[in-house]
There are 2 protein chains.
Amino acid sequence: MGIKIKHARKTELLMNDSIKNLFKEGIQVKVNGSLWLQAGGIHFFGPGPVELLERINETGSINAAAKEMKMSYKKAWELVNTLNQQMKAPVVIPQTGGEKGGGSTLTSEAMQLIQYHREMRQRFAAFLENETRLLNQ
Amino acid sequence: MGIKIKHARKTELLMNDSIKNLFKEGIQVKVNGSLWLQAGGIHFFGPGPVELLERINETGSINAAAKEMKMSYKKAWELVNTLNQQMKAPVVIPQTGGEKGGGSTLTSEAMQLIQYHREMRQRFAAFLENETRLLNQ
DNA sequence: TATCGTTATATATTTTAAAATATAACGATA
DNA sequence: TATCGTTATATTTTAAAATATATAACGATA
């Protein structure tokens with residue numbers, strides 16, 4: 001068969017104008033993104049779990065933390081459970097029954113994780129701001 | 001009512017051991033993430049659309065590009081359409097009918113976008129590698 | 001020992017997203 | 001003018017994810 005190359009002809013990059021000019025005027029374009037830790041291909045510590053841990057620490061309860069985030073208890077518990085299994089030692093210590101029916105507290109390891117994630121998030125925020133600046137310059 | 005503070009007692013960060021030691025031994029933890037451009041809260045240029053554009057440029061067809069990515073034509077067309085509407089000028093020029101039934105070609109603006117995204121991805125990859133290094137040090 | 005709200009778990013339901021299917025219009029070419 | 005594969009679009013079907021509901025176990029406290 002004959003070779004038709006009309007549509008195979010590729011467009012190539014020639015000039016290098018400002019990227020900003022490609023977008024419609026008036027709309028503000030920014031670079032955004034998401035970060036997470038993964039082990040063996042599995043995400044296990046993104047923005048959701050971090051916030052959940054922070055709220056568990058504040059409320060003393062998985063249930064209360066989930067409600068604050070409008071997350072189902074089931075999902076919250078699964079996040080906690082997955083996280084506990086990935087770490088050398090549990091980061092959330094649950095107590096079923098007892099005063100107020102029970103509750104959950106964080107270990108110091110959880111606090112270290114949270115703190116580390118905060119610092120990482122700050123560096124990422126700086127990266128994103130720089131990229132947005134580059135985009136709009 | 002009386003104030004019960006047992007569960008409200010918050011765990012606080014005391015020492016600052018290596019984060020690496022928090023994870024089970026043997027599992028390799030790395031920092032990963034995703035980047036995209038957004039305008040007015042709408043993601044409109046992430047990894048998916050970029051790859052789609054690259055493949056449209058190579059195949060000359062939205063349909064063929066979608067098949068290569070195992071993406072439905074509908075989704076591919078919607079990505080292209082959204083992208084075209086966000087830009088000052090269309091980045092994909094479709095032709096319905098004609099030789100081989102039609103096809104699509106990229107504008108030079110599309111090529112600039114692709115090139116920009118490649119460079120941004122490289123910077124992001126470096127950022128992620130550095131974060132992974134910090135995590136494991 | 002009865003009460004309480006929480007943890008832990010299973011199951012059912014709803015919602016959402018994705019994929020599959022169908023069909024018309026299109027225009028260069030033979 | 002008939003053919004072709006693509007674009008463009010609507011509709012249906014399927015799959016996945018999220019949510020809702022239900023229930024038992026738990027243990028400090030009154």
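A quick note: this is a predicted structure, and the numbers were derived from the prediction, not measured. Convention: sequence-line order gives letters A, B, ...; per-chain numbering from 1.
- Between B:Ser72 and A:Gly101, the one whose closest nucleotide on DNA chain C sits nearer the 5' end is A:Gly101.
- Along DNA chain C, the nucleotide nearest to B:Met71 and the one nearest to A:Tyr73 differ in position, and the one closer to the 5' end is contacted by A:Tyr73.
- Among A:His117, A:Arg118, A:Gln112, the single residue meeting the side chain to side chain contact (heavy atoms under 4.5 Å, CB included) criterion with A:Gln115 is A:Arg118.
- The shortest distance between the side-chain N/O atoms of B:Ser104 and the OP1/OP2 oxygens of D:dT6 is not below 4.0 Å.
- Across the protein-nucleic acid pair, B:Ile93 atom CD1 and D:dA8 atom P stand 10 Å apart, rounded to whole Å.
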For the pair B:Trp36 and A:Ser34, evaluate side-chain contact (heavy atoms from CB on, under 4.5 Å) and give the outcome as yes or no after the intermediate values. CA-CA 9 Å; B:Trp36 59 85; A:Ser34 178; 4.1 Å; yes

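- Hydrophobic clustering of Ile, Leu, Val, Met, Phe, Trp and Tyr side chains at less than 4.5 Å, counting indirect connections, unites A:Ile62 with A:Leu106.
- Distance A:Glu99 CD to C:dT3 P: 19 Å, rounded to the nearest Å.
- Taking every side-chain heavy atom of B:Thr96 into account, C:dC26 is the closest of C:dC26, C:dA19, C:dT6.
- Protein atom CD of A:Gln95 is 12 Å distant from nucleotide atom C1' of D:dT29, rounded to whole Å.
- Where A:Lys74 and A:Gly98 each meet DNA chain D at their nearest nucleotide, the meeting point lying more 5' is that of A:Lys74.
- Atom CG in A:Leu79 sits roughly 15 Å away from atom C1' in C:dA8 (whole-Å rounding).
- Applying side chain to side chain contact (heavy atoms under 4.5 Å, CB included) to B:Val92 and the options B:Leu52, B:Leu53, B:Leu83 leaves one that passes, B:Leu53.
- One can place CD1 of B:Ile56 at 20 Å from P of D:dG5, the figure rounded to the nearest angstrom.
- What separates CD of A:Glu78 from P of C:dT7 is a distance of 15 Å, to the nearest Å.
- The nearest whole Å value for the distance from the NZ atom in A:Lys75 to the C1' atom in C:dA8 is 19 Å.
- Proximity of B:Trp77 to the phosphate of D:dT7: no side-chain N or O atom is located under 4.0 Å from OP1 or OP2.
- For DNA chain C, each stem of at least three Watson-Crick or G-U pairs (distances under 3.5 Å) is given as range with range: C:1-30 with D:1-30.
- Distance, A:Lys67 NZ to D:dA20 P: 12 Å, rounded to whole Å.
- Of the possible donor and acceptor atoms, none in the side chain of A:Asn81 sits under 3.5 Å from a partner among the backbone N and O of A:Trp77.
- When distances run from any side-chain atom of B:Asn63 to the nucleotides D:dA18, C:dT9, D:dT6, the shortest one goes to D:dT6.
- The side-chain hydrogen bond (donor to acceptor under 3.5 Å, both in side chains) check on B:Arg121 picks up nothing, with sequence neighbours excluded.
- Judged purely by atom type and a 3.5 angstrom limit, A:Lys20 has no side-chain atom pairing as donor or acceptor with the backbone of A:Val29.
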